[in-house]
Asks: 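Input: one structure, supplied below.
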Amino acid sequence: MPVITVYINGQKISTESGVTILEVCKANNIPMLTLCHLKGLHDIGACRLCLVEIEGVNRLLSGCTTQVADNMMIRTDTDRIKRYQRITVELFFAERNHVCAVCVANGNCELQQAGYAVGLDHIRYPFLYPECNVDTSHPWFVMDHNRCIMCTRCVRVCTQVEGAGNWGVMNRGHDVRIISDFNTPWGESSTCTDCGKCVHACPTGAIWPKAVAQGQLTKYPEMIGELVEKRKLLQ
Amino acid sequence: MNRQELTVMADQAKTKHHHFSKKVCVCCGTSCMASNAEKVLEQVQQNIDALGLKDEVEANLTGCMGLCNQGPLVKVLPDHTIYQKVEPEEVGDLLKAQFVDKQPKKDKLLFADTRPEPFVNANDDPFFKKQHKIILKNCGVINPEDIEEYIAYDGYKAFDKALNSMMPEDVIAEIKHSRLRGRGGAGYPTGMKWETVYKYVNNQKYVVCNGDEGDPGAFMNRSVLEGNPHSVLEGMMIAGYAVGASRGYAYIRGEYRLAIKRFETALKQAKKLGLLGKNILGSNFSFEVEIRIGAGAFVCGEETALIASIEGKRGTPSPRPPYPAECGLWGKPTLINNVETYANIAPIILNGGEWFSETGTAKSAGTKVFALAGKIKYSGLIEVPMGTSLREIVFDIGGGIPGDGEFKAAQTGGPSGGCIPEQHLDVGMDYESLMSLGSIMGSGGLIVMDKSSDMVDVARFFMEFCMDESCGKCAPCRVGTRMMHDLLQRIVDGKGTQHDVDRLQELAVYVKEASLCGLGGSAPNPLLSTLRHFPEEYANRLVSPEVLIHQHLEL
Ligand SMILES: Cc1cc2nc3c(=O)[nH]c(=O)nc-3n(C[C@H](O)[C@H](O)[C@H](O)COP(=O)(O)O)c2cc1C
Ligand code: SF4
Ligand code: SF4
Ligand code: SF4
Ligand code: FES
Ligand code: FES
């Protein structure tokens with residue numbers, strides 16, 4: 001791959017082409033907030049936390065899906081970007097039901113970390129509290145839709161890495177929900193192999209193993225990326 | 001079929017149609033069909049026979065004539081006499097009066113119930129007088145189910161010209177020269193888009209026609225597909241030749257049964273004549289077209305969602321770049337244009353880009369089809385040169401506001417657009433002018449509102465539409481439209497405070513800029529434009545926080 005030059009927040013960086021802005025930021029220790037991105041999965045640009053400003057482009061683009069180009073001038077740290085990140089995190093908290101104090105993922109949640117990162121002290125929008133069910137039908141795992149932020153990391157890991165395709169998405173707008181098979185209880189799934197990959201891929205306390213008490217959940221999302229890399233070596 | 005056979009066929013078809021001195025067109029668009037047009041057509045045919053006029057008068061079904069509220073419509077050519085609300089049992093008298101007594105029946109003429117002096121020649125009627133038809137020229141004139149008649153009206157002549165006397169580069173240059181811009185909403189220069197797809201080297205490329213038309217109240221694309229399907233197909237074929245694609249998909253909204261049926265018929269007929277398939281007209285260009293039926297979600301009209309839908313996936317948008325031109329259907333370079341964009345192609349190739357660019361304004365060439373609706377005397381489908389003023393459309397063509405109502409605003413661009421208030425009635429309808437007023441051209445919806453309209457509620461209504469139609473993939477649109485809707489509802493209910501308006505302002509700009517696709521990107525437009533043009537309607541609704549607390553305590 002040819003080497004190109006990009007500028008991120010004024011810093012001159014040499015990088016190979018064909019990689020995303022997010023990858024360049026990671027390699028150069030430039031912080032970039034993400035939630036729907038997970039290394040090893042195909043990126044979809046859904047959470048919009050990784051938005052960047054690019055000189056000469058009149059829209060904000062998601063860093064996880066946009067490839068760098070030679071002499072690209074990228075900003076990740078403008079007031080506008082920071083303001084928007086804060087609103088996005090606020091909207092996530094207001095959308096469903098996130099009471100961290102009673103959540104298994106407390107202290108181990110990527111949404112909570114994003115909240116700290118944007119300096120969230122209160123939410124300025126009304127809480128929507130939609131009706132969401134908690135699916136405990138699987139022998140080992142729980143799916144709590146109250147904590148789901150619709151990042152679809154579970155859907156993608158199950159399809160793209162495990163190859164099982166248990167998870168899907170139904171409905172539109174604020175009624176979207178993750179579903180197991182054809183909207184049946186997870187425990188009755190005919191496709192789930194009980195591999196547990198979605199448990200680790202999920203950034204919040206939406207999917208968790210039953211044998212875990214509140215605040216005790218540890219996840220290992222990096223495992224997904226490592227697994228994908230190892231498979232490449234085998235090929 | 002080879003070139004010569006096409007020419008022979010065109011000549012024969014012309015002779016056949018010229019043989020008749022008169023033509024009776026019965027509108028068989030969706031709306032007229034719903035009010036018994038087929039029976040009317042049957043009666044027309046029977047009565048022509050009964051009156052012994054079989055050799056002079058030909059009768060035909062046609063597509064929409066643009067005045068669906070007045071249907072079923074019957075038009076006599078070349079006199080351009082239009083009869084409205086024709087019942088099957090009235091046909092006999094009508095034709096006798098027209099052809100035997102040569103005294104058109106006044107009380108059945110178009111607008112006989114609303115104009116003191118209805119016009120015998122409908123082209124003299126103000127509704128038609130200011131129109132200029134390129135796209136709809138043969139809609140309501142030719143039989144959309146008969147390829148021969150399309151060919152008799154110079155159909156496939158442009159395709160033949162492109163294929164046999166122009167290189168793909170020449171075709172693209174001609175389209176660029178015409179300054180045609182995409183009619184699907186954003187107005188991207190069509191020639192530039194074609195050139196981009198042309199330049200990507202790939203042994204498989206695709207051409208897609210976007211006929212999803214999900215805007216509420218819009219039926220511009222439906223009418224073209226129903227009334228002149230071959231014109232859209234011919235545009236796609238020329239595009240396929242120009243960009244180097246061998247396969248096309250026409251994505252048509254599922255509710256458009258008649259449009260689907262007529263386009264299917266068009267495909268079959270074109271295939272039968274060898275205009276589709278391998279080595280078309282003896283050249284080495286091969287092209288196939290398939291129909292894909294839309295699942296009925298507004299967001300599926302967005303190009304990346306539409307592509308996902310054709311691929312059989314959930315119809316949700318994907319981030320761009322990469323654009324479909326580079327990486328579209330099944331990862332291949334894909335040209336995607338709107339129905340109306342394609343319908344402009346054959347006339348441009350036939351008459352030249354220069355000819356096309358003479359209509360309209362410097363930056364917005366050609367004409368635009370609008371679906372004129374709302375509080376207006378004469379609603380319907382109209383085609384006017386770009387840059388025609390809103391005033392001319394509303395008052396000259398549309399006849400103004402019915403009763404003693406007064407004009408307040410017009411919404412362009414449907415749920416993605418904005419409103420244009422009275423003081424801007426003289427704005428020219430072109431891409432830049434509408435944008436500068438905080439609205440957009442969109443695909444051609446035009447809703448007129450009178451003084452009784454509540455603009456805050458209008459904003460709430462469109463926000464509800466976007467909230468329901470959001471695909472739910474990205475956070476700003478999914479949650480942001482819901483929040484904005486709830487805040488607007490609060491103001492409509494008389495419980496909003498200045499604080500709510502401030503939050504609305506902030507959310508609107510955020511959702512516009514942070515959303516993944518154009519649905520979220522334009523959902524705040526109706527809100528922002530009503531805030532801009534009618535701030536007092538918001539202000540008058542607000543209460544102070546103290547009052548709100550009191551109300552709350554009293555409950
Ligand atoms: C939410 C949304 C809905 C859309 N719906 C349509 C539609 O129904 N028809 C259409 O042609 N374009 C629609 N578009 C625009 C398409 O994405 C695309 O720009 C267009 O088909 C390109 O064709 P054009 O260049 O000929 O305009 C929509 C865009 C968005 C964001
Ligand atoms: S446990 Fe594995 S197979 Fe089952 S849903 Fe999760 S990722 Fe899919
Ligand atoms: S369950 Fe978890 S991984 Fe799946 S969409 Fe919800 S938050 Fe994302
Ligand atoms: S902007 Fe709305 S419709 Fe578009 S991707 Fe986001 S949620 Fe879906
Ligand atoms: S991490 Fe890029 S959009 Fe979610
Ligand atoms: S369907 Fe007959 S005028 Fe529109």
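The chains referred to below are lettered A, B, ... by the order of the sequence lines, with proteins before strands, and numbering in each begins at 1.
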Asks: Non-hydrogen atoms of chain B under 4.5 Å away: do they reach the side chain of A:I81, the backbone, both or neither?
Replies: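 Contact with chain B: none, neither part.
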
Asks: Looking only at heavy atoms and a cut-off of under 4.5 Å, which of A:D175, A:V176, A:L61 has the most pairs with chain B?
Replies: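 The residue among A:D175, A:V176, A:L61 with the greatest pair count is A:V176.
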
Asks: Side chains of B:I549 and B:E546, heavy atoms from C-beta outward: is any pair under 4.5 Å?
Replies: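 No. Closest side-chain heavy atoms not under 4.5 Å.
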
Asks: Which atoms of A:D43 come close to chain B, meaning under 4.5 Å heavy atom to heavy atom: side chain ones, backbone ones, both, or neither?
Replies: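 For A:D43, there is no contact with chain B at all, as no heavy atom is under 4.5 Å.
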
Asks: Between B:E311 and B:S309, do the side chains contain an N or O donor and an N or O acceptor separated by less than 3.5 Å?
Replies: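 Checked: B:E311/B:S309 side chains show no N/O donor-acceptor pair below 3.5 Å.
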
Asks: Can you tell me which portion of A:L51 sits under 4.5 Å from chain B's heavy atoms? Options are side chain, backbone, both or neither.
Replies: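 Looking at A:L51, just its side chain touches chain B.
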
Asks: Checking heavy atoms, do the side chain of B:L507, its backbone, both or neither come under 4.5 Å from chain A?
Replies: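 It is the side chain, since no backbone atom gets that close.
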
Asks: Among A:T88, A:I87, A:N171, which residue forms the greatest number of heavy-atom pairs with chain B at distances under 4.5 Å?
Replies: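 Counting heavy-atom pairs under 4.5 Å, the top option is A:I87.
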
Asks: Would you check if A:L60 and A:Y84 make a side-chain contact, meaning some heavy-atom pair closer than 4.5 Å?
Replies: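 Result yes, sub-4.5 Å side-chain heavy-atom pair found.
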
Asks: Taking every non-hydrogen pair under 4.5 Å, which of B:R320, B:E506, B:M467 racks up the most with chain A?
Replies: B:E506

Asks: Contact between B:K473 and B:L516 at the side-chain level, heavy atoms closer than 4.5 Å - yes or no?
Replies: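 A side-chain contact exists here, since the closest heavy-atom pair is under 4.5 Å.
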
Asks: Would you check if A:W167 and A:I207 make a side-chain contact, meaning some heavy-atom pair closer than 4.5 Å?
Replies: yes

Asks: Pull out the residues in residues 154-163 of chain A that come under 4.5 Å of chain B, heavy atom to heavy atom, sorted by number.
Replies: none

Asks: Is it the backbone or the side chain of A:R83 that comes under 4.5 Å from a heavy atom of chain B, or both, or neither?
Replies: side chain

Asks: Does the side chain of A:V24 come within less than 4.5 Å of A:T20's, by heavy atoms?
Replies: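 Answer no - side chains too far apart.
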
Asks: Indicate whether any N or O donor in one side chain lies under 3.5 Å from an N or O acceptor in the other, for B:S522 and B:N525.
Replies: no

Asks: Between A:V6 and A:T15, is there a side-chain heavy-atom distance shorter than 4.5 Å?
Replies: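 Yes, their side chains come closer than 4.5 Å.
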
Asks: Only one of A:S62, A:C36, A:C151 forms a side-chain contact (heavy atoms from CB on, under 4.5 Å) with A:C47, so which one is it?
Replies: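 It is A:C36, the one option of A:S62, A:C36, A:C151 that forms the side-chain contact (heavy atoms from CB on, under 4.5 Å) with A:C47.
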
Asks: If I measure from the heavy atoms of chain A, does B:V299 come under 4.5 Å with its side chain, its backbone, both, or neither?
Replies: neither

Asks: May I ask you to test the B:P524-B:M484 pair for a side-chain heavy-atom distance under 4.5 Å?
Replies: yes

Asks: Against chain A, label B:T481 side chain, backbone, both or neither, depending on which of its atoms sit under 4.5 Å from a heavy atom there.
Replies: neither

Asks: Can you find a side-chain donor-acceptor pair between A:Q112 and A:N106 that sits under 3.5 Å?
Replies: yes

Asks: Of all the residues in residues 65-77 of chain A, which have a heavy atom that comes within less than 4.5 Å of a heavy atom in chain B?
Replies: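 Contacts with chain B: A:T65, A:T66.
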
Asks: Under a plain distance cut-off of 3.5 Å, with no hydrogens placed, do B:Y510 and B:S515 share a side-chain donor-acceptor pair?
Replies: no

Asks: Which atoms of B:M483 are under 4.5 Å from chain A, going by heavy atoms: the side chain, the backbone, both sets, or neither?
Replies: side chain

Asks: I'd like to check A:R96 versus A:C148 (side-chain heavy atoms, cut-off strictly below 4.5 Å). Are they in contact?
Replies: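 Answer yes - side chains close enough.
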
Asks: Are B:F298 and B:F465, when compared by the centres of their aromatic rings, separated by less than 6.0 Å?
Replies: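 Yes, close enough.
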
Asks: With only heavy atoms counted, which part of B:R314 is less than 4.5 Å from chain A, the side chain, the backbone, both or neither?
Replies: side chain

Asks: Give a yes or no on whether the backbone of B:H485 and the side-chain of B:E464 come within a donor-acceptor separation of less than 3.5 Å.
Replies: no

